[in-house]
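Per chain, numbering begins at 1; letters A, B, ... match sequence-line order.
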Amino acid sequence: MFEKALTGSRRYWVWVFILLSIIGVGFIAYMRQYTYGLGITGMNRDVSWGFYIGQFTFLVGVAAAAVMVVLPYYLHNYKKYGRITVLAEFLAVPSVIMCLLFIFVDLGQPFRIMNVILHPTPNSVMFWDAVVLSGYLLLNILVGWTVLGAERKEVPPPKWIKPFIYIAIAWAPSIHIVTAFLYSGLPGRHLWLTAIMAARFLASAFASGPALIIIISLIVRRFTNFDPGREAIQTLGKTITYTMILNVLFLGFELFTGLYSNIPGHMHPFQYLYAGLEGHGKLVPMMWISSILAVIALILLINPKTRRNESTLAVAAVVVFTSLWIDKGFGLVVGGFIPNPLERVTEYWPTIPETLITLGVWAIGFLILTLLYKVAVSVKEEVVYDKYGEKQVKLFK
Amino acid sequence: MYNSRNIIIGLIIFAAFVTFPFYNNFGKAVTKPDPKLDTPEIQKFPENERRCVEPKEFMKAGHMQLLNGWRDSVVRYGNRIYVNDAGKEFEISLQNTCMKCHSNKKKFCDECHNYAAVKPYCWKCHIEPKEKET
Amino acid sequence: MSINRREFLKIAGISTVAGIGAPWAINEILNRGVEAARVLPGLEALVAKRWAMVIDTRKFRTADDYKRVMDACHRIHNVPDIENPKHEVKWIWTDTFEHAFPGQEHKYMPEDIKHKPFLLLCNHCERPMCVRVCPTKATFKREDGIVMMDMHRCIGCRFCMAACPFGARSFNWRDPRPFIKEENKEFPTRMIGVVEKCTLCYERLAKGLKPACVEESNGGLIFGDLGDPNSEVRKILSSTYTIRRKPELGTEPSVYYIIGGNENV
């Protein structure tokens, strides 16, 4: 099937070339980081994780979100998702790859990464995170590829794939729960030491991931012949409505406990993020943008008129994604380090090489996404009818 | 054969990739290594006491395993004394034992390592002995 | 044709796996050969059930009292002197009361204690969080309670830095060597991308010497075995009121502080 990714329109190749150039720039920046050390980034002794780990955390959520499509389809036989399950699975694959790459570029000694496997350490959450992430990656490649291959031959998927599908469904939340445990088990990091962390992670994941699937579905429909289906997109809109409400609620719970209890350690990170602490407030504008976007998203999503309108739904999806990206990819990780264990404030802001490397990793993700989607969409364009006999292309070529 | 163009291009890229070590090292003049044991520190010993911690043949083939074992012994298990088969004791230390005798790192370590194109990272942390430029 | 190709791919796959696995297997076989020889701890090594330290802050009065102790540590361990606080590496340093013991300060405490520097270092916790989170066992707890670093194994993920509630860990954000003024040739430096911290002078204990900071402290730092009821540290702990940093987190620090101002020695 892969040969389908090797032929394409001029537009397809221009897009691939743009991604490759961004990857190239990111790679050069990474070579500099590799020789100079991580001091080339904005990270420091006090804020020892930054943009990279933030992106990792956010993308684990995007990867896990495939389950929001796969679960209704396979467990509740929600037929409208039949066409897009493979899009969700193929979104999970580059997301997990990006997660692993962000971990890799964040390591001080990246070529020792195999030490995690050579010296397995079950008491470390990081070890389990590596296990669940690689497992999830393999499951999604296996399931997505097999089911798409069956669709291409216009036969039902083989029976042996079923158990893997069910395992993948159960596995998806685990990757995000374990990632939340990276943070929520650490004493002395008040912003993170909260039992609701895993729940909040899941809520934000199940909002940002499906939001991205909506955006991508609309793009796919615009630029290819494949139609993911209006109703599937609408149902995803409902999903992100509920999960976004939950996410905002959970954040509200955190703010209440932190601020009402009046415990200084619990208040400080929130003060730093939303008001500034001891005259330091680099993240304040970002956090308020995130909050305002969250409110706009809720207005657009809860109001049935704007949710049913695909243009406003698209805006809502972009807004949800951006709001959560700021909140999780930036605020949550950096905020946890401020103030430091000695109650001093050192700030963090990504540097240019750090940003280029980050963009490079995202470009690798989008390249893999593009190739996988090219295959999936080409298959679907050829097959013309989905397995329920409905036309899944807009027009015949 | 269909798709022959893609296959041939793919094969050329693959072959170029696989043979990289060969042409990368091609034409680089590498003389046969000839590690020397004639440091002043070793010369000080009487002829019959010029013995390394283990026999020369073992050290030649297995010094990396020995050093790995030494490393874990000191860092992880706190055992700093090495007893060899002859019952002789040595302090386990790359900097303070090995290199005190083999003070000619360039001749003793680097020559072989360069020849074999291996780059052990020992010296990124362990301080090498001062040598006169030759 | 298609079946042949499939079989070819299968064989290719299997050989790839074998090719990746073979060096590992060969290494395993070679490693077994070395175990025959014996290793021992040094005869004169200082041993303990659990090492601990009492910091008698009353004995630290002048800037020099602190400097002597900190310099001794940083000099013999080749700790780089990086001025940029963002990339700083430190094994033992000072901070004021409200930062050393956050939450314990109040407005009306004696001025001399409020402004006095307190020595800070790795607490060598009984239940160290850094050890719990390390994915490679690069940081681990020795039987005598020392929380050790294996710089050879550290992958530089910095999970331990996030986990340590005492800010005791430093990362090598850049090559430390240019920042070491005078190298101690008996001790290694560190390389880019690994985490380091106080190791309670494990290399000196092995030779029967107390930690460098203790030796330079003129009795301000008292070092001993918590497992021995007759040790000096146990005697002090049972007779003098001492506090520890963030005891509420349950990591059980092994560094105790006698708090006192400058006048009442």
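For Asp46(A), no part sits under 4.5 Å from any heavy atom of chain C, backbone or side chain. Interface remark: Cys134(C) contributes backbone atoms only to the contact with chain A (heavy atom separation under 4.5 Å). For chain A, no part of Val195(C) is nearby; none of its heavy atoms comes within less than 4.5 Å. Looking at Asp95(C), only its side chain comes within 4.5 Å of chain A, counting heavy atoms on both sides. With a 4.5 Å cut-off on non-hydrogen atoms, Asp106(A) touches chain C through its backbone and its side chain both.
When all heavy atoms of Arg112(A) and Ile155(C) are compared, the closest pair comes out as O-CG2, 3.1 Å. Scanning all heavy atoms of the two residues, the minimum distance from Ala163(C) to Leu186(A) falls at CB-CD2, 3.7 Å. The two residues Gly188(A) and Pro165(C) make their nearest non-hydrogen contact at CA-CB, 4.4 Å.
Phe171(C) is not listed as a side-chain neighbour of Arg45(A), based on a closest heavy-atom distance of 4.5 Å or more. Taking the side chain as every heavy atom from C-beta outward, Asn123(A) and Val133(C) never approach each other to under 4.5 Å. Using a 4.5 Å heavy-atom threshold, the side chains of Cys157(C) and Leu107(A) count as touching.
Between the side chains of His119(A) and Arg153(C), at least one donor N or O lies within less than 3.5 Å of an accepting N or O.
A donor-acceptor pair under 3.5 Å is absent between the side-chain atoms of Lys86(C) and the main chain of Gly39(A), judged by distance alone. One N or O on the side chain of Lys246(C) and one on the backbone of Pro341(A) form a donor-acceptor pair closer than 3.5 Å. Counting only distance, with no hydrogens or angles, the side chain of Arg132(C) and the backbone of Ser124(A) share no donor-acceptor pair below 3.5 Å.
Within the model, atoms CG of Asp129(A) and CZ of Phe159(C) stand 8.5 Å from one another, a figure rounded to the nearest 0.5 Å.
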Begin with the C-alpha distance, continue with both residues' side-chain angles, and end with the deciding distance and a verdict on side chain to side chain donor-acceptor pair (under 3.5 Å) for Arg158(C) and Ser48(A). CA-CA 7 Å; Arg158(C) 309 191 294 294; Ser48(A) 46; 5.1 Å; no
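Counting heavy-atom pairs under 4.5 Å between each of Ala168(C), Cys154(C), Ala100(C), Cys164(C) and chain A puts Cys154(C) at the top. Looking only at heavy-atom pairs under 4.5 Å with chain A, the residue among Met161(C), Glu248(C), Glu98(C), Arg245(C) that has the most is Met161(C). Ranked by heavy-atom pairs under 4.5 Å with chain C, the first of Pro264(A), Pro187(A), Gly42(A) is Pro187(A).
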